[in-house]
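I have placed the structure first, in the form of structure tokens, so that the comments after it can refer back to it.
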Amino acid sequence: MNALVATPVLVPLATVVLTTLATRRPALQQLLSLVGVLTFLGCAVVLVALAAADQPAQSAFGSWVAPYGIAFHLDRTGAALVLVTALMGAASLLFLASDADTGPRHPLLLPLVHGVLAGVGGAFSTADLFNLYVWFEVMLICSLGLFALGGRLDQLDASFKYLVLNLLGTLLLLMAVGAVYGATGHLNFAALGGAADALPPALATVLLSALLLAFLIKAGAFPLYAWLPASYHTLPAPILALFAGLLTKVGVYAVLRTVGDVFAPAPHVVMEALGWVAAATMLFGVLGAAYHWDMRRILAFHIVSQIGYILLAVALAGDAGNAATLFYTVHHIIVKANLFLIAAMIWRLAGSYDLRRIGGLYRLRPVLGVLFLVPALSLVGIPPLSGFWAKLIVLQEALAQGRYVWTAVALVVSVLTLYSMMKIWMEAFWKRHPDAGWRPPADARLGPAWAATLGLASVTLLISLDPQTLLTYAQAAARTLGG
Amino acid sequence: MTAVLAFTVFSTVTAGLYLALSRDLFRCVIGLALLGAAANLVLFAAGRLDSPLPAVVPSGEQVLTDAANPLPQALVLTAIVIGFALVCYSLVLLLRLMHDARTDDALALRHAEPVPDDPVKPPAGDPDCDVRWPPPPDSR
């Protein structure tokens, strides 16, 4: 089954080519894009099944054996994230068929979305450091295209800021990869893991710090997250949900892969620093969110804050920390993307993203009010939703290691997250609409949007009611990592 | 040779960072391009520098001794291509941005994040710079 290992890249790339060829026929392009993402989803399910059966799909391309050729290796961690990527792609593309902030339909929109999926899939599948850098660049180029497609002045402004800070991150990554290769002579993850043990500790610390700095820019960690809340809110909703779910998580995955697998056990000072960075990321992200009144900006700051929780799990290390990282990441991607999609439905029904200009939605659409609460309360961590289990296993491990300050910060941040979510709910649903003459739109085409958000919410409920399946899988995944 | 290259990397990074921190958008992009060149030089140094020997293993031997490692050169080639594409993209983006915003000052670019006019509350946002329903007629 080794041909399957390339499908996370091959299927989206083939879809990019086909949808580009079909730019003049929108209906055909739409169909090809849906077929592409469903094929991707099917392949991802098979990859997870293979990984769960301890037969991870792997291959070294061009018959160059392991440490020399570029290898793809989908262990449990990578396979699960590829599956979530495919799920997110399917949800976003389904949502695109509605009219809730789906933006102007540029003919290159669908090819670029599949390009992002190819980049993310490649980053999760590869077992080669330089190849990982290449996938980061694929993601960067495709996402820049998606930022600029709308052509509004604020979108151009946002894409420039996104470009500058992310380009700095990839250049730093490139330099770090060069230094790692110079010091060890390897780029393959397995070979690097063997060679890293022989490095002098001081050199290993410097190399690892340079790599982590680059990945943390990509992940949106404190103090390098400025690009994220400055740009994300200008995107059309389905693209925003896709980015919010996937892009920063690739950075976090790269951090997990380096400190939890390739260079494990990482030097103590690096993990200690990572823990404090995580605590600061949580806190500053949530404080930024508390200030804002635009739903997209509130939720964008919450991405940063939640990245802090995942990084905290990475910093706790060991099997328990790594398992918590995977659990939290899967839960978070689904919940976060769903929140952005529901915010877009609120925008379509109430007319604005700014909470000061909208209201009265509970009377109009009570089901939407309940639907919003599922991911919102899950993000906060209210039992029995999936966020509660995710936070429970992270904080259990933090307490077991005697990290009381980090635990306290995480709990305070949860309360502030609750504040933000309740602010959105009270303002958008509970209070009266500030404009007395406001009438709900009669012609909103929200069917596909309902399907996408209800689907994602039911996945969240599935994880909430049966966390043990995912937890067992995550624990098995952590044991196959080097940590 | 290594010392010369190290000094070159040092001066390129310095110049690149100085330009990238500039308020002038065009200088900022040129600075990033210079930083990219510096990153490529670092990558290049990861193979050996001094040797003029071809990177071919002589017959009868197992290991390539004195010659330079060709892999980093292949990596640099990849990085140059990617970097070139990104610089081209950013120049086009920059032209469009400077044309539409009528400024090249980074501090004046506050269209995505309007400046707050109240010490406590965030700005309500410019409706012209946000997504609206119904969509404007000339949407591209």
Side-chain angles (χ1 to χ4, degrees), chain A residues 68 99 101 103-104 106 130 133-134 137-138 140-141 144-145 147-161 163-164 167-168 170-175 177-183 185 187 229-231 233-234 236-237 291-294 297 347-348 351-354 356-357 441, chain B residues 9 13 16-17 20 25 28-29 31-32 35-36 38-47 69 71-72 74-76 78-79 82-83 85-87 89-90 92-94 96-97 100-101 106 109-114 116 120-133 135-136 139-140:
Chain A
Y68 304 110
D99 63 356
D101 190 10
H106 195 281
F130 190 79
Y133 155 78
V134 173
E137 293 283 32
V138 171
L140 177 62
I141 291 177
L144 278 170
F147 264 110
L149 271 191
R152 255 181 10 236
L153 188 51
D154 60 326
Q155 288 173 325
L156 295 176
D157 177 12
S159 61
F160 187 75
K161 285 161 188 171
L163 167 85
V164 171
L167 201 53
L168 206 63
T170 43
L171 291 178
L172 200 60
L173 178 57
L174 190 58
M175 290 195 196
V177 170
V180 167
Y181 183 77
L187 290 168
S231 58
H233 60 281
T234 61
Y291 168 71
H292 279 289
W293 284 78
D294 183 315
R297 304 209 70 187
W347 170 84
R348 181 68 186 91
S352 176
Y353 275 111
D354 195 311
R356 288 167 291 194
R357 293 177 180 160
Chain B
V9 169
V13 167
L17 268 184
L25 297 180
C28 179
V29 168
L32 287 173
L35 277 177
N40 290 340
L41 286 176
V42 169
L43 208 54
F44 188 60
N69 185 347
L71 184 70
L75 300 185
V76 170
T78 316
I82 296 177
L86 274 172
V87 169
Y89 177 89
S90 44
V92 174
L93 176 71
L94 187 71
R96 178 76 191 274
L97 182 60
D100 284 9
L109 278 184
R110 298 301 299 258
H111 305 282
E113 293 180 290
V120 182
K121 288 181 184 162
D126 179 0
D128 288 340
C129 265
D130 203 350
V131 51
R132 279 183 297 169
W133 189 269
S139 64
R140 267 170 282 194

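Chain A is the first sequence line, chain B the second, and so forth, proteins listed ahead of strands; every chain is numbered from 1.
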Inter-residue atom distance A:T170.OG1 - B:I82.CD1, 0.5 Å rounding:
9.0 Å

With A:R348 via salt bridge (charged side-chain N to carboxylate O under 4.0 Å, His left out) - residues at least two apart
A:D99, A:D443

Side chain to side chain contact (heavy atoms under 4.5 Å, CB included) assessment of A:Y353 paired with B:V131
CA-CA 9 Å; A:Y353 275 111; B:V131 51; 3.9 Å; yes

Could you measure the distance from the CG atom of A:L153 to the CG atom of B:L109? Nearest 0.5 Å is fine.
7.5 Å

Tell me the closest heavy-atom pair linking B:L32 and A:L167, and the distance in Å.
CD1-CD2, 3.8 Å

Quick one: does A:H233's side chain have a donor or acceptor within less than 3.5 Å of a partner on B:E113's backbone?
no

Looking only at heavy atoms, what is the nearest atom pair of B:C28 and A:F160, with distance?
SG-CZ, 4.5 Å

Report the option among A:H292, A:R357, A:M175 that has the most heavy-atom pairs separated by less than 4.5 Å from atoms of chain B.
A:M175

Among B:A46, B:A45, B:A38, which has the most heavy-atom pairs under 4.5 Å with chain A?
B:A46

Side chain to side chain contact (heavy atoms under 4.5 Å, CB included) evaluation trace for A:I141 with B:Y89:
CA-CA 9 Å; A:I141 291 177; B:Y89 177 89; over 6 Å; no

Chain A contacts, top residue of B:L41, B:V42, B:V76, B:V29 (heavy-atom pairs, under 4.5 Å):
B:V42

Check whether A:L173 gets within reach of chain B through its side chain, its backbone, both or neither, counting any heavy atom under 4.5 Å.
neither

Residues that A:R356 engages under salt bridge (charged side-chain N to carboxylate O under 4.0 Å, His left out), provided they are two or more places apart:
A:D354

Between B:D130 and chain A, with a heavy-atom cut-off of 4.5 Å, which part of the residue counts as in contact: side chain, backbone, both or neither?
both

Taking B:A112's backbone N and O only, do any of them form a donor-acceptor pair with A:D157's side chain (distance below 3.5 Å, no angle check)?
yes

Nearest 0.5 Å, please: how far is CG in B:L75 from OH in A:Y181?
7.5 Å

Is it the side chain or the backbone of A:L144 that comes within 4.5 Å of chain B heavy atoms, both, or neither?
both

Out of B:N69, B:L86, B:V120, B:L94, which one racks up the most heavy-atom pairs below 4.5 Å with chain A?
B:L86

For each of A:G182, A:G351, A:S231, A:A230, tally heavy-atom pairs with chain B at distances under 4.5 Å, and name the one with the top tally.
A:A230

Given a strict heavy-atom distance threshold of 4.5 Å, which part of A:T234 is in contact with chain B: side chain, backbone, both, or neither?
side chain

Is it the backbone or the side chain of B:L93 that comes under 4.5 Å from a heavy atom of chain A, or both, or neither?
side chain

Roughly how far, to the nearest 0.5 Å, is the CG atom of B:N40 from the CG atom of A:L174?
6.0 Å

Applying a strict 4.5 Å limit to non-hydrogen atoms, the region of A:Y68 in contact with chain B is neither

Could you look at A:F130 and say if it's the side chain, the backbone, both or neither that has a heavy atom under 4.5 Å from chain B?
side chain

In terms of heavy-atom proximity below 4.5 Å to chain B, should A:P229 be classed as side chain, backbone, both, or neither?
backbone

Measuring from atom CD of A:Q155 to atom CG of B:D100, what distance do you get when rounded to the nearest 0.5 angstrom?
11.5 Å

From CA spacing to verdict: side chain to side chain contact (heavy atoms under 4.5 Å, CB included), A:L156, B:H111
CA-CA 9 Å; A:L156 295 176; B:H111 305 282; over 6 Å; no

Measure distances from B:A20 to the heavy atoms of chain A and classify the residue's part below 4.5 Å as side chain, backbone, both or neither.
neither

Using non-hydrogen atoms and a 4.5 Å limit, figure out which bit of B:V13 sits close to chain A: side chain, backbone, both or neither.
side chain

